[in-house]
Number of protein chains: 2
Amino acid sequence: MSKKKGEKKAKSGKKKELAALSAADLAPAITQAARSVRTALSRSISDSGLYAGQDGVILALSEDDGQTPGQLAARLGVKAPTMTRTIGRMEAQGFVERRADGHDGRLTKVHLTENGLKSVESIGQSVADCGAMAVRGFSDKEVRTLLKLLRAVEHNLQPEADED
Amino acid sequence: MSKKKGEKKAKSGKKKELAALSAADLAPAITQAARSVRTALSRSISDSGLYAGQDGVILALSEDDGQTPGQLAARLGVKAPTMTRTIGRMEAQGFVERRADGHDGRLTKVHLTENGLKSVESIGQSVADCGAMAVRGFSDKEVRTLLKLLRAVEHNLQPEADED
DNA sequence: CTTCTCGCCCTTTTTCTTGCTCATCGGCCC
DNA sequence: GGGCCGATGAGCAAGAAAAAGGGCGAGAAG
């Protein structure tokens with residue numbers, strides 16, 4: 001697998017190399033952008049008493065209450081163990097609560113508590129505010145383009161959903 | 001699905017609200033996309049023996065060897081303590097080594113070891129490969145647009161660089 | 001037809017890492 | 001000597017992978 005491209009600047013004269021260079025820059029770019037978003041969002045929602053990554057659980061539950069950890073994990077794009085621990089912490093914080101499903105003993109339904117329900121709009125506002133700050137100066141078309149490309153990237157990187 | 005989005009507050013009915021909704025979707029989208037990139041990259045470089053986040057150190061050092069932790073942190077967009085710990089672990093793994101600067105006692109220069117130097121091309125290949133997979137099906141123009149928007153987002157979220 | 005066992009699914013636990021914030025220590029410049 | 005900058009340490013949390021626990025259902029056997 002020794003694909004010695006040698007020096008990066010040793011271009012073979014193919015335009016594909018230029019695209020490859022851009023693609024190589026994409027991973028760091030998206031990582032840094034996500035870190036910035038994460039940090040900004042973390043500060044926005046810290047006054048609500050929760051941490052980055054918990055906001056998605058609140059919002060997902062506000063749309064469909066009583067989801068299982070697996071559903072939440074799939075919806076938010078994280079692994080099940082991560083969701084389990086996040087739920088456990090949010091339960092300790094009093095935002096959500098776990099209820100055993102009567103029909104399937106292996107299922108656990110996650111419900112918003114009153115406290116969690118009250119924080120929904122605050123969280124939504126913080127997320128929207130953070131997003132608005134991120135796209136400050138963008139045209140509406142640019143925002144939609146960014147959104148579309150982001151989702152395409154996410155779709156391209158799904159290991160299972162490789163329909164190519 | 002009962003998506004009662006307009007239920008939280010009575011909006012004023014301006015077209016700006018539509019943009020706000022897109023902006024609200026941006027934070028989750030970029031977070032999930034970054035998670036996918038991080039996971040894919042982590043698997044790509046795991047056979048090189050290092051973890052996600054360490055690749056940037058290797059590549060940055062391959063371009064300019066002997067940088068200080070602070071320079072690396074600024075370059076990779078992480079905080080100094082994070083870089084310190086990452087460097088410490090990579091030093092234990094044998095990829096980099098710390099050397100005290102003779103002129104300034106408070107500075108620490110980070111250098112690539114022979115082992116680290118050998119992994120440079122493999123890492124660069126993994127990053128490029130991951131980026132290429134992420135933008136599969138994208139036109140060259142779309143890739144550049146995504147890159148540009150990503151950097152603009154990052155710039156918008158810098159607390160210090162608030163030139164507004 | 002009943003019952004038991006095996007396999008699968010979902011959840012949870014554990015261990016590793018990155019990343020941030022706050023706090024500390026040490027060396028340099030004024 | 002005092003302030004400042006840079007590096008480091010401690011504590012908190014997310015996220016991933018590997019593995020364990022428990023329940024449900026289907027299929028085989030009586």
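All values reported here derive from a predicted model rather than from experimental measurement. To find a chain, count down the sequence lines: A is the first, B the second, and so on, and within it residues start at 1.
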From CZ of A/Arg89 across to P of D/dA14 the rounded distance in Å is 5 Å

Margin query: So, does B/Thr86 get its side chain near the phosphate of C/dT17, meaning an N or O under 4.0 Å from OP1 or OP2?
Written below: no

Review point. Using a cut-off of 4.0 Å on non-hydrogen atoms, how would the nucleic acid contact of B/Thr82 be classed: base, sugar-phosphate, or nothing?
Key: base

Worksheet item: What nucleic acid atoms does A/Thr84 come within less than 4.0 Å of, heavy atoms only: base, sugar-phosphate, or nothing?
Response: base

- prompt: Under 4.0 angstrom, heavy atoms only, what part of the nucleic acid is B/Thr68 near: base, sugar-phosphate, or nothing?
  reply: sugar-phosphate

B/Arg43 CZ to C/dT18 C1', in whole Å, measures 17 Å

From CG of A/Leu107 across to C1' of C/dC9 the rounded distance in Å is 9 Å

query = Do B/Gln93 side-chain atoms and B/Gly49 backbone N/O form a donor-acceptor pair below 3.5 Å?
reply = yes

Closest non-hydrogen contact found for A/Ser126 with A/Ser44 is OG-O, 3.5 Å

Is the phosphate of D/dT8, meaning OP1 or OP2, less than 4.0 Å from a side-chain N or O of B/Arg98? yes

Nearest-nucleotide check on DNA chain C, A/Gln71 vs A/Thr31; residue mapping nearer the 5' end is A/Gln71

Legend entry - Pair of N/O donor and acceptor under 3.5 Å linking D/dG9 base with B/Arg85 side chain: no

B/Leu72 CG to D/dG6 C1', in whole Å, measures 13 Å

Review point. Quick one: does B/Asp65's side chain have a donor or acceptor within less than 3.5 Å of a partner on B/Leu112's backbone?
Key: yes

DNA chain D nearest-nucleotide lookup for A/Ala52 and B/Thr108: closer to the 5′ end is B/Thr108

### Query
Between the side chains of A/Ser48 and A/Ser122, does any donor sit under 3.5 Å from an acceptor?
yes

Side chain of B/Arg38, base of D/dG15: donor and acceptor closer than 3.5 Å? no

Between CG of B/Asp104 and P of C/dG26 the distance, given in whole Å, is 18 Å

Considering only heavy side-chain atoms of A/Ala80, the closest of D/dG11, C/dT17, C/dT11 is C/dT11

For D/dA14, take OP1 and OP2 only and decide whether either is under 4.0 Å from a side-chain N or O of B/Arg35. no

5'-most contact on DNA chain D (nearest-nucleotide basis), A/Pro81 vs A/Arg106, goes to A/Pro81

* Begin with the C-alpha distance, continue with both residues' side-chain angles, and end with the deciding distance and a verdict on side-chain contact (heavy atoms from CB on, under 4.5 Å) for A/Thr145 and B/Glu142. => CA-CA 9 Å; A/Thr145 300; B/Glu142 283 175 323; over 6 Å; no

When rounded to whole Å, the CG to P distance for the pair A/Leu41 and D/dA14 reads 13 Å

- prompt: Does A/Tyr51 have a side-chain nitrogen or oxygen under 4.0 Å from the phosphate oxygens OP1 or OP2 of D/dA13?
  reply: yes

note: B/Ile87, atom CD1; C/dG19, atom P; distance rounded to Å ~ 12 Å

Heavy atoms of A/Asp55 and A/Ile123 approach each other most closely as CB-CG2, 3.6 Å

Rounded to whole Å, NZ of A/Lys79 lies from C1' of D/dA19 at a distance of 16 Å

Applying a 4.0 Å non-hydrogen cut-off, can you work out what B/Pro69 is touching in the nucleic acid: base, sugar-phosphate, or nothing?
sugar-phosphate

Under 4.0 Å from OP1 or OP2 of C/dT18: is there any side-chain N or O of B/Gln54 that close? yes

